[in-house]
A.B. asks: 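Just dropping this structure here.
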Amino acid sequence: MSKPLNVLFLSSEVDPFAKTGGLADVSSALPQAIKELGHEIRIMMPRYRFISERRFKLHDIIRLKEIPVSVGKETELGNVKSSFISNLKEKVQVYFLDNANYFGRDGIYQSPVGRKDYKDNDERFIFFCRGVLETLKRLGWQPDIIHCNDWQTGLVPAYLKSLYSNDPFLKPIKTVFTIHNMAYQGAFPADSFPKSGLPKNFYQVDGVEAYGKFNFLKAGLFYSDAITTVSQKYAEEISTSEEYGAGLSGLLSRRKKDLHGILNGIDYHVWNPATDDLIYRKYDAKSLDAKPDNKRALTGRFNLPFNETTPVIGAISRLVEQKGFDLVLEIFDELMKMGFQFVLLGDGDKSTEKAFESLHKKYPEQVGVFFGFDKELAHLIEAGSDLFVMPSRYEPCGLNQMYSMRYGTIPVVRATGGLDDTVEDHAGSGKGTGFKFANYDAKDLLKALQHAHKVFQQPEEWKKVMRNGMAKDFSWEHSARQYVNLYKELLKQ
Ligand code: ADP
């Protein structure tokens, strides 16, 4: 093997320390997969107060208040703690940048009560981005690559191209910026820009400004050496459509040659029905007979009657506009008439929660709902459902459809982003891994579910589709190799 690379991976959420969605799963699994390929990769994230010192055996790397970071006119002091993630053979070191003013809170981006974004999210992530670079200098560990993820890390490439461009230690570093979701941009009022300390001429259209705001995502997209996103289809969508590009498709299309689609993988150490301790009964493609026991446990958990011949649709999701639950609501009565059962684990938008709560009251024998975040229940839903529905408006990659396939739970998805890249539509005679529909239209979702319902009545055909999905390999190794190749390309330049 050629010389191992040094990579710093930056993320605002990393499983098991802090998670609101798929970013945390990726930020945990991808670094481990890159490490397995023989490279030195370390993670840095904020130290939120709820990350337990005891549970994760945090230890001091850089003592209290030793890292001065300018935020506006103030100097904020940081310190660094460390822990490891080690689902695989190799341990990956995680650094936590700590500052009690900014991160000594109960939420990641918003207060758990009231669900309002913290007002100083600009300052919090200015501190993080600059603090990361100051920390590297203090550690004396020089990465070849800094791999940034989403808007919270977007200022790092901008700092490297400005305040630190003559710093002999930081200057050689190349940056990769990965987009996990274009809809979250970290766009702050113009008067927040001076707090960053970036040169004045960076606040322009060819820079960090977008639509009159200081846009952290744009900073990452504009100043990084390469951009990736989490599926080929999403890369195409965001660089060609204003809607998918959320106002930044022009910039992405100009940077098309630097924009790469690399599909997320899934962590089979966590999501594998053959070894999953969180489900009722383990199984694999050769022991599918054990799967209905999970369905029995799942329906029991929601106090629904169990009937092996009743198809259960599962859903696990943040309840936000992106995820398309308005389409499900539109056709819900129809689905009930067809005899489906439906279980939802969701967290988010209160009006969507209310709508499903009243459907549960209306159809107590067919509908189960749980609102909140529950890892264990997520695993049981994957194992116990027959179908898994993801009618997203857009979906950069999506993980649950891949988990579902591994659990023999057939996904019903809208053909967008990573959903389109990972699910093959059922084409009869045992072909395909799921059911897809193209337009964002409730009638089309209904057609896909009617088709699924019909196939469910043909157990042999159904099992073939289940097995096709279970046989798919979405492991991280393949994606990790693609990232490493990209890092190497950048270092040649
Ligand atoms: P996104 O990142 O847009 O939320 P993904 O499909 O990429 O969507 O990833 C979602 C991840 O979050 C999956 O691991 C899923 O199981 C998990 N998840 C989402 N909502 C919940 C919830 N309410 N409880 C437990 N896990 C959840």
Side-chain angles (χ1 to χ4, degrees), residues 11-30 87 108-109 112 115 149-152 178-184 229-231 233-234 238 244 246 262-273 276 278-279 298 301-302 314-325 343-350 352-353 356 368-385 388-407 409 411-414 416-423 434 474 476 479:
S11 178
S12 57
E13 33 184 297
V14 180
D15 191 58
F17 308 107
K19 171 165 171 172
T20 67
L23 173 63
D25 298 23
V26 175
S27 302
S28 180
L30 174 58
N87 293 339
I108 300 180
Y109 314 119
R115 290 174 184 269
N149 293 277
D150 278 355
W151 72 263
Q152 296 84 356
T178 298
I179 304 162
H180 297 265
N181 195 329
M182 282 301 291
Y184 301 93
T229 190
V230 291
S231 66
K233 178 84 184 253
Y234 193 60
I238 58 179
Y244 285 92
I262 303 179
L263 201 63
N264 284 336
I266 69 175
D267 189 341
Y268 286 128
H269 298 268
V270 183
W271 295 97
N272 179 358
D276 190 337
L278 300 177
I279 65 180
L298 177 67
R301 177 82 178 259
F302 283 102
I316 305 164
S317 188
R318 291 182 297 120
L319 298 176
V320 290
E321 204 194 353
Q322 172 198 342
K323 300 295 180 180
F325 284 94
V343 294
L344 168 70
L345 165 60
D347 192 26
D349 179 37
K350 293 293 156 221
T352 312
E353 289 188 7
F356 279 105
V369 291
F370 182 87
F371 303 117
F373 203 88
D374 187 331
K375 251 189 202 182
E376 210 173 314
L377 183 55
H379 284 249
L380 185 61
I381 292 177
E382 288 294 2
S385 306
F388 193 95
V389 68
M390 292 179 82
S392 306
R393 249 169 228 278
Y394 67 90
E395 195 60 72
C397 177
L399 295 172
N400 277 312
Q401 81 282 11
M402 293 192 271
Y403 299 156
S404 299
M405 283 185 259
R406 175 48 61 119
Y407 282 71
T409 298
V412 180
V413 303
R414 177 155 175 257
T416 183
L419 297 175
D420 198 27
D421 285 356
T422 53
V423 178
F474 295 112
W476 270 106
S479 318

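Atoms within a ligand are numbered from 1 in the order they appear, just like the ligands themselves. Note that these values count all heavy atoms, side chains included, but never hydrogens, waters or copies made by symmetry. In this text, all values refer to a predicted model and were calculated from it rather than measured experimentally.
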A.B. asks: When only distance counts, is G22 in polar contact with ligand 1, meaning an N/O pair under 3.5 Å?
C.D. replies: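 Yes, at least one N or O pair falls under 3.5 Å.
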
A.B. asks: Should D25 be counted as touching ligand 1, given the test is an N or O pair under 3.5 Å?
C.D. replies: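 Between D25 and ligand 1, an N or O pair is found under 3.5 Å apart.
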
A.B. asks: Check the angle between the aromatic planes of W271 and Y403 and answer parallel, tilted or perpendicular using the 30° and 60° thresholds.
C.D. replies: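 Parallel, since the angle between the ring planes stays under 30°.
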
A.B. asks: Between ligand 1 and A378, is the shortest N or O to N or O distance under 3.5 Å?
C.D. replies: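 Between A378 and ligand 1 (N or O atoms, distance only) the closest approach is not under 3.5 Å.
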
A.B. asks: Does D150 have any side chain to side chain contact (heavy atoms under 4.5 Å, CB included) partners at least two apart in sequence or in another chain, and if so, which?
C.D. replies: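 Partners of D150 under the side chain to side chain contact (heavy atoms under 4.5 Å, CB included) test: L23, Q152, H180.
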
A.B. asks: Evaluate K19 for polar contact with ligand 1, using N/O atom pairs at a separation under 3.5 Å.
C.D. replies: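 K19 vs ligand 1: N/O contact under 3.5 Å present.
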
A.B. asks: Should one rank E13, Q322, K323 by closest heavy-atom distance to atom 3 (O) of ligand 1, which comes out on top?
C.D. replies: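 Result: the heavy atom closest to atom 3 (O) of ligand 1 is in K323.
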
A.B. asks: Need the ligand 1 atom indices (1-based, order shown) with element for anything under 4.0 Å from a heavy-atom of Y403.
C.D. replies: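 Checking each atom against Y403, I get 13 (C), 14 (O).
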
A.B. asks: Can you confirm if the NZ or CZ of R406 lies within 45° of the ring axis of Y268 and under 6.0 Å from the centre of its six-membered ring?
C.D. replies: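 Yes, cation above the ring, under 6.0 Å and within 45°.
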
A.B. asks: How far is atom 22 (C) of ligand 1 from its nearest protein heavy atom, and which residue and atom name does that atom have?
C.D. replies: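 For atom 22 (C) of ligand 1, the nearest protein heavy atom is F373 CD1, 3.5 Å.
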
A.B. asks: Which ligand 1 atoms does S317 reach within 4.0 Å, using its non-hydrogen atoms?
C.D. replies: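 Answer for ligand 1: 20 (N).
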
A.B. asks: Tell me the contacting part of D374 for ligand 1: side chain, backbone, both, or neither, using a 4.0 Å heavy-atom threshold, strictly below.
C.D. replies: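 Contact part for D374 vs ligand 1: backbone (N, CA, C, O).
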
A.B. asks: May I have the step-by-step check of side-chain contact (heavy atoms from CB on, under 4.5 Å) for T229 and M182, ending in yes or no?
C.D. replies: CA-CA 10 Å; T229 190; M182 282 301 291; over 6 Å; no

A.B. asks: Give yes if a backbone or side-chain nitrogen or oxygen of L399 is under 3.5 Å from a nitrogen or oxygen of ligand 1, and no if not.
C.D. replies: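 By distance alone, the answer is yes.
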
A.B. asks: Using a 4.0 Å cut-off to any heavy atom of R318, which atoms of ligand 1 qualify?
C.D. replies: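 That gives atoms 1 (P), 3 (O), 4 (O), 20 (N) of ligand 1.
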
A.B. asks: Between W151 and Y109, what is the ring plane arrangement, given parallel below 30°, perpendicular above 60°, and tilted in between?
C.D. replies: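 Geometry flag for Y109 against W151: tilted rings.
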
